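In this text the structure is predicted, and so the values were computed from the model without any measurement. In the text below, chain A, chain B and the rest are named by the order of the sequence lines, each starting its count at 1.
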2 protein chains.
Amino acid sequence: MADAAQPVRRPERPLRRATIKDVADAAGVSRSTASRALNGRGYVGLGIRERVQAAAETLGYVPDDMARHLKERVSRSVGVLVSDLRTPFYADVAAGISTGARRRGLAMVLGDGSGSAVDEVETARRFVALRVAGVILTPVSAQVTTFLARQRVPVVEVDRHFGGGSCDVVVVAGAAAAGEAAEHLLGLGHRRIALLVDLAGWSADQDREAGFRQACATAGVPVDDSLVVRCGPGVAAARDRALELLRGPGAPTAVLTTAAWLAEGVWRAATDLRLRIPDELSLVTFDDAPWMSLVTPAVTAVEQDGVRLGEIALERLLGRIEAPAEPPQTVALTARTHHRGSTAAPPGARAVAGGRRSVNAVSHMGAHAGQTGV
Amino acid sequence: MADAAQPVRRPERPLRRATIKDVADAAGVSRSTASRALNGRGYVGLGIRERVQAAAETLGYVPDDMARHLKERVSRSVGVLVSDLRTPFYADVAAGISTGARRRGLAMVLGDGSGSAVDEVETARRFVALRVAGVILTPVSAQVTTFLARQRVPVVEVDRHFGGGSCDVVVVAGAAAAGEAAEHLLGLGHRRIALLVDLAGWSADQDREAGFRQACATAGVPVDDSLVVRCGPGVAAARDRALELLRGPGAPTAVLTTAAWLAEGVWRAATDLRLRIPDELSLVTFDDAPWMSLVTPAVTAVEQDGVRLGEIALERLLGRIEAPAEPPQTVALTARTHHRGSTAAPPGARAVAGGRRSVNAVSHMGAHAGQTGV
DNA sequence: CTGAAAGCGCTTACAG
DNA sequence: CTGAAAGCGCTTACAG
């Protein structure tokens with residue numbers, strides 16, 4: 001009996017999280033009024049707003065987005081799916097999206113791929129279950145984009161594309177940058193230039209290869225297909241392939257790589273072979289990484305601004321959400337090249353150049369010399 | 001009239017996403033039965049399950065997690081808040097959490113701090129609004145943890161701690177590693193060893209400083225406080241401070257840094273000053289980065305396995321969610337040091353060592369020589 | 001074994 | 001200006 005008479009002790013911090021009903025009760029109003037007072041829509045009596053806000057504050061009330069979303073049918077989150085967060089480029093993309101999302105009060109749900117297409121779709125399914133407003137991804141196959149399209153979820157593909165023009169795409173203008181890199185090397189007098197691309201065969205690498213070949217064709221220099229090598233994944237694999245390449249009889253005098261890890265493989269291989277850069281081997285790469293400006297000589301690199309790519313992708317996604325019916329857009333960012341010390345005329349250029357060109361002539365022609373050969 | 005007689009054309013892909021009611025209707029059962037058939041709980045008639053699943057498949061049905069969560073009162077997502085995704089260490093932590101989360105079917109909601117405590121709390125509030133099951137963070141202040149604790153959200157602090165033992169913590173055993181690094185340098189004969197730490201003053205850096213001082217004390221070598229320098233944020237700031245330090249009259253013969261970007265600053269400063277490493281300056285750092293094994297000489301570094309840290313943090317969080325009342329735990333990972341070429345005896349060691357020690361004696365004593373001085 | 005009903009937390013017409 | 005009611009999509013006792 002005594003027990004029954006005791007008032008139930010309300011724990012100071014209830015295990016149950018405060019709901020709008022708690023806030024309404026504390027403020028002495030209805031749930032409707034509390035809701036209106038809190039989110040500022042609709043009329044609310046003088047002084048009521050303050051009272052409700054104070055109650056919310058006291059109770060540490062944080063509205064449940066799930067419930068709100070359920071009612072309002074809108075989402076305040078975006079899904080992001082990148083290949084591998086441990087790769088700085090992808091981390092930068094995620095960082096760019098994150099910054100924009102924070103500014104707009106959006107939550108970012110992030111998944112990183114295991115590389116498998118099936119896992120990607122599984123992650124995308126979680127995004128759909130979470131009812132994200134849209135998805136930004138660096139696709140490893142067409143499957144995710146197709147799945148998401150079927151679910152009517154707006155999609156933006158970053159860095160490479162699989163959708164075949166069926167969704168928005170944000171990339172780096174790789175063909176142009178690869179062309180300029182090739183022209184630079186051709187201008188220095190290189191005739192045997194190797195191109196190392198990711199075995200995965202992303203569209204980004206296809207673009208760059210096309211730009212490379214175009215520049216060579218324009219300069220009238222035939223491309224030796226044995227010098228276009230696909231390798232990966234991972235630095236170790238790249239190093240092995242580079243070792244084969246550089247040690248062979250028809251070794252190139254210059255290498256262009258399409259990713260930082262490919263350049264790292266070449267760098268390590270060159271170190272292994274005691275090949276001096278740039279005297280014996282010139283190196284240019286896509287994807288500027290911190291180490292490239294720390295080593296000696298520093299490596300000439302095409303910067304791909306992942307952060308900017310992410311920011312733009314988010315803008316595109318938001319634009320798409322606003323206007324779902326508009327035709328898909330492809331945004332191509334111009335890449336910036338950091339010219340550093342890893343390129344020079346090929347060894348024995350004076351002799352090899354023969355009737356074509358003297359070393360001095362070459363050096364006067366500058367980065368775009370290759371084009372004068374048209 | 002004719003119009004009214006026309007059957008309404010159902011769009012092939014309705015704009016409205018399929019709900020469980022659509023699935024139930026298509027399968028000719030009630031919503032309750034459809035729900036049971038789909039999630040495997042409760043009885044369901046023979047053949048019914050298959051029929052419902054087929055209907056779900058056809059309609060591309062993906063259950064709404066928000067609604068499910070609202071009803072079940074459970075969350076299938078975790079919040080992660082790191083300082084800056086562009087810093088490889090934090091990206092690694094996020095990657096480790098992501099991998100574990102994917103395996104467990106959890107979504108990861110990721111925010112990266114703007115560095116400001118206020119923004120951090122704002123992001124944490126979004127996590128609470130999303131009703132995440134728990135939060136893992138690299139805190140910049142005690143505020144977030146306090147806020148989250150008040151909201152009864154389980155928290156794990158990674159890399160550093162502010163909670164004062166009020167929440168779970170997963171860190172690298174920094175004091176021990178710093179002590180070993182100091183012993184290594186002392187063993188080589190260095191007496192003027194600088195310590196560069198992050199100006200931010202994280203607990204991680206405090207630990208390392210303590211380990212460093214302890215090792216020096218044990219070896220009977222007084223620490224010159226002007227050699228303990230706090231700098232940041234950013235490589236440029238670190239480089240400037242390193243320049244001052246290395247150019248001064250009482251310049252150190254060795255430097256220990258607590259982060260990759262600090263080491264980068266020192267490396268650049270040394271390059272600026274044409275200081276030869278390791279002959280004129282020894283360098284040891286925390287936070288192994290790719291460039292450290294690419295430069296010449298390669299840099300001796302204490303590896304902090306961010307990925308592993310993330311994996312363990314997630315495990316701890318899940319453990320905490322299971323057992324909310326258990327006392328908080330601190331997990332300290334032993335750090336692994338990669339000994340490379342950036343350390344050597346100090347310049348003029350033979351002369352300077354004087355009555356104390358000969359260079360040869362030192363080199364025979366190995367990495368732990370410092371301790372023999374006790 | 002199945003389905004009608006209740007309810008998770010919220011917001012929004014709508015009636016007063 | 002306010003509050004009762006409906007309803008977002010889902011699941012789970014519970015009655016049949």
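Scanning DNA chain C for stems, defined as runs of 3 or more consecutive Watson-Crick or G-U wobble pairs whose donor-acceptor distances all fall under 3.5 Å, gives the following ranges: C:1-3 with D:14-16, C:5-12 with D:5-12, C:14-16 with D:1-3.
Note on R316(B) versus D168(B): salt bridge recorded, some NZ/NE/NH1/NH2 to OD/OE distance being below 4.0 Å.
For the segment residues 46-59 of chain A, residues with any heavy atom less than 4.0 angstrom from an atom of DNA chain D are, sorted by number, I48(A).
Put simply, CZ on R17(B) is 16 Å from P on dC8(D), counting in whole angstrom units. Nucleotide dC8(D) holds its P atom 9 Å from the CZ atom of R73(A), rounded to whole Å.
Here N39(B) contributes atom CG and I20(B) contributes atom CD1; the two are 7.5 Å apart, rounded to the nearest 0.5 Å.
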Quiz item: Would S32(A) and S35(A) satisfy side chain to side chain donor-acceptor pair (under 3.5 Å), going step by step from the backbone distance to the final call?
Solution: CA-CA 5 Å; S32(A) 324; S35(A) 176; over 6 Å; no
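At a cut-off of 3.5 Å, with distance as the only test, no side-chain donor of R150(B) or T145(B) sits close to an acceptor on the other residue. Under 3.5 Å, the side chains of R160(B) and S83(B) contain a donor-acceptor pair of N or O atoms.
L137(B) places a side-chain heavy atom less than 4.5 Å from the side chain of E157(B).
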Exercise. Summarise how protein sits on nucleotides 10-16 of chain C as a single string, 5' to 3': B when a protein heavy atom is under 4.0 Å from the base, S for sugar-phosphate-only contact, - for no contact.
Key: BBB----
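Between the R320(A) side chain and the V156(A) main chain, no donor and acceptor come within less than 3.5 Å of each other.
Applying the side-chain hydrogen bond (donor to acceptor under 3.5 Å, both in side chains) criterion to D119(A), with sequence neighbours excluded, gives S114(A). Scored by the salt bridge (Lys or Arg N to Asp or Glu O under 4.0 Å) test, K71(B) finds no partners at all (sequence neighbours excluded).
Applying the side-chain hydrogen bond (donor to acceptor under 3.5 Å, both in side chains) test to every pair with at least one member in residues 51-67 of chain B, sequence neighbours left out, gives these pairs: R126(A)-D65(B).
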